[in-house]
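Written out below as structure tokens is the structure these notes cover.
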Amino acid sequence: MGLRLETRASDSPWVDSVWTCTSEQVAEMTSVAGVHWGLVFWEREGRAYTSITGPGTRTATAPVPEGATFVGIEFALGTSLRAVPTPALVDGGVELPDVTRRNFRLDGVRLETPGPDDAEALVDRLVRSGVVVRCPLVTEVLRGHRPAISARTVERRFRAATGLTQGAARQIERARKASALLAAGIPVTDVVSRLEYFDAPHLARSLRRYVGRTARQLRDGTGGAIGLDLAQPTTS
């Protein structure tokens with residue numbers, strides 16, 4: 001009962017991950033902060049829906065349609081939609097009109113609704129048609145390079161491309177990694193050390209702000225449904 005959420009990594013440089021989810025006897029979940037924008041496709045009672053989702057900077061309680069099935073694509077940091085600036089999507093999203101069970105329309109292009117194994121093929125088409133674009137500077141920064149421009153300009157362009165500051169992106173990703181480690185049974189002291197939190201209260205504040213759970217809830221699997229695949233492996 002509840003949410004059955006599964007996530008896989010992608011070999012596409014344009015995609016961070018692909019996820020699927022089904023819901024059963026759950027009315028709401030905790031949505032967690034995340035750095036990626038995405039596309040979500042779902043069906044309920046024979047009707048299809050498609051939404052653009054934005055990065056999230058905080059937790060929230062979100063309704064879950066009973067009996068719905070979802071496929072989601074999380075795009076790589078630094079990519080964006082040509083028609084919708086990523087900053088406009090932060091802590092929100094857009095439900096697309098003119099959606100059927102077979103296809104949807106995005107930026108004037110009619111596209112086939114993907115299954116979980118077709119996500120990369122859809123993204124390839126979006127890239128070829130110019131619907132999805134990339135900021136080379138963000139890619140350079142994420143690879144650890146220092147562009148030959150001022151730090152202030154880098155920060156401004158990073159935020160324009162992703163909707164987030166570099167600091168916020170790092171904090172959100174670190175909290176998600178901490179959640180996976182805690183759910184796997186790693187002690188709090190080890191998580192603090194491994195992810196370079198100042199101390200346990202610092203970790204607790206980060207989890208409360210970005211994940212909406214305590215370390216104990218993550219360890220015990222309590223607190224209700226959550227929009228985070230805690231079983232996804234982490235190398236951090």
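Numbers here are sequence positions counted from 1.
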Decide yes or no on side-chain contact (heavy atoms from CB on, under 4.5 Å) for Val18 and Thr7, but give the supporting numbers first.
CA-CA 6 Å; Val18 179; Thr7 306; over 6 Å; no
Quick check on the hydrophobic clustering: are [X] and [Y] connected, directly or via other members, by side-chain heavy-atom contacts under 4.5 Å?
| X | Y | result |
| --- | --- | --- |
| Leu77 | Val32 | yes |
| Leu39 | Val127 | yes |
| Val84 | Leu164 | no |
| Leu203 | Ile226 | yes |
| Leu195 | Leu218 | yes |

Nearest 0.5 angstrom please: [X] [atom1] to [Y] [atom2], how far?
| X | Y | atom1 | atom2 | answer |
| --- | --- | --- | --- | --- |
| Asp190 | Leu181 | CG | CG | 9.5 Å |
| Lys177 | Ile172 | NZ | CD1 | 12.5 Å |
| Glu173 | Gln171 | CD | CD | 12.0 Å |
| Leu106 | Leu122 | CG | CG | 8.5 Å |
| Ile73 | Ser12 | CD1 | OG | 9.5 Å |
| Glu28 | Thr61 | CD | OG1 | 5.5 Å |

Side-chain H-bond candidate by donor/acceptor type, Arg209 with Thr59, under 3.5 Å:
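Side chains of Arg209 and Thr59: no pair found under 3.5 Å.
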Can you confirm whether the side chains of Arg159 and Thr165 place a donor and an acceptor under 3.5 Å from each other?
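No.
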[X] side chain to [Y] main-chain N or O, any donor-acceptor pair under 3.5 Å?
| X | Y | answer |
| --- | --- | --- |
| Arg176 | Ala33 | yes |
| Ser23 | Pro65 | yes |
| Glu155 | Gln166 | yes |
| Asp91 | Thr57 | yes |
| Thr162 | Gly78 | no |
| Ser31 | Ala60 | yes |
| Asp16 | Glu74 | no |
| Arg174 | Glu196 | yes |
| Arg82 | Val133 | no |
| Arg213 | Gly221 | no |

Are His202 and Tyr197 close enough that their ring centres sit under 6.0 Å apart?
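Yes, close enough.
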Please report the C-alpha distance between Arg101 and Glu43 in whole Å, then the side-chain angles of each, then the deciding distance to 0.1 Å, and finally whether the salt bridge (charged side-chain N to carboxylate O under 4.0 Å, His left out) criterion is met.
CA-CA 8 Å; Arg101 297 182 68 183; Glu43 289 189 16; 3.2 Å; yes
Side chains of [X] and [Y] in contact at under 4.5 Å (non-hydrogen atoms):
| X | Y | result |
| --- | --- | --- |
| Thr214 | Leu207 | no |
| Thr139 | Leu142 | no |
| Leu228 | Ser179 | yes |
| Tyr210 | Arg58 | no |
| Pro201 | Arg205 | yes |
| Pro13 | Arg134 | yes |
| Phe158 | Thr153 | no |
| Arg110 | Asp98 | yes |

After noting the C-alpha distance and the side-chain angles of Thr50 and Val40, does the key distance pass the side-chain contact (heavy atoms from CB on, under 4.5 Å) rule?
CA-CA 6 Å; Thr50 300; Val40 180; over 6 Å; no
Can you tell me if [atom1] on [X] sees more than 12 non-hydrogen neighbours from other groups inside 6.0 Å?
| X | atom1 | answer |
| --- | --- | --- |
| Arg146 | CZ | no |
| Arg105 | CZ | yes |
| Glu112 | CD | no |

Show the numbers, then the answer: is there a side chain to side chain donor-acceptor pair (under 3.5 Å) between Glu120 and Ser10?
CA-CA 8 Å; Glu120 283 80 5; Ser10 174; 2.7 Å; yes
Mind running side chain to side chain donor-acceptor pair (under 3.5 Å) on Thr113 and Asn103 for me, showing each step along the way?
CA-CA 5 Å; Thr113 301; Asn103 51 56; over 6 Å; no
Consider side-chain hydrogen bond (donor to acceptor under 3.5 Å, both in side chains). Of Thr86, Thr79, Thr53, which one does Trp37 pass it with?
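Answer after filtering Thr86, Thr79, Thr53: Thr79.
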Determine the minimum heavy-atom distance between [X] and [Y], stating which atoms define it.
| X | Y | result |
| --- | --- | --- |
| Ala48 | Thr100 | CB-O, 3.4 Å |
| Val154 | Pro147 | CG2-CG, 4.1 Å |
| Val90 | Gly163 | CG2-O, 3.6 Å |

Would you sort out whether Val132 and Val123 count as a side-chain contact (heavy atoms from CB on, under 4.5 Å), showing the intermediate values?
CA-CA 8 Å; Val132 172; Val123 173; 5.6 Å; no
Sort out for me which residue in Tyr49, Trp19, Phe104 forms a ring-ring contact (aromatic ring centres under 6.0 Å, His included) with Trp42.
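Only one of Tyr49, Trp19, Phe104 forms a ring-ring contact (aromatic ring centres under 6.0 Å, His included) with Trp42, namely Tyr49.
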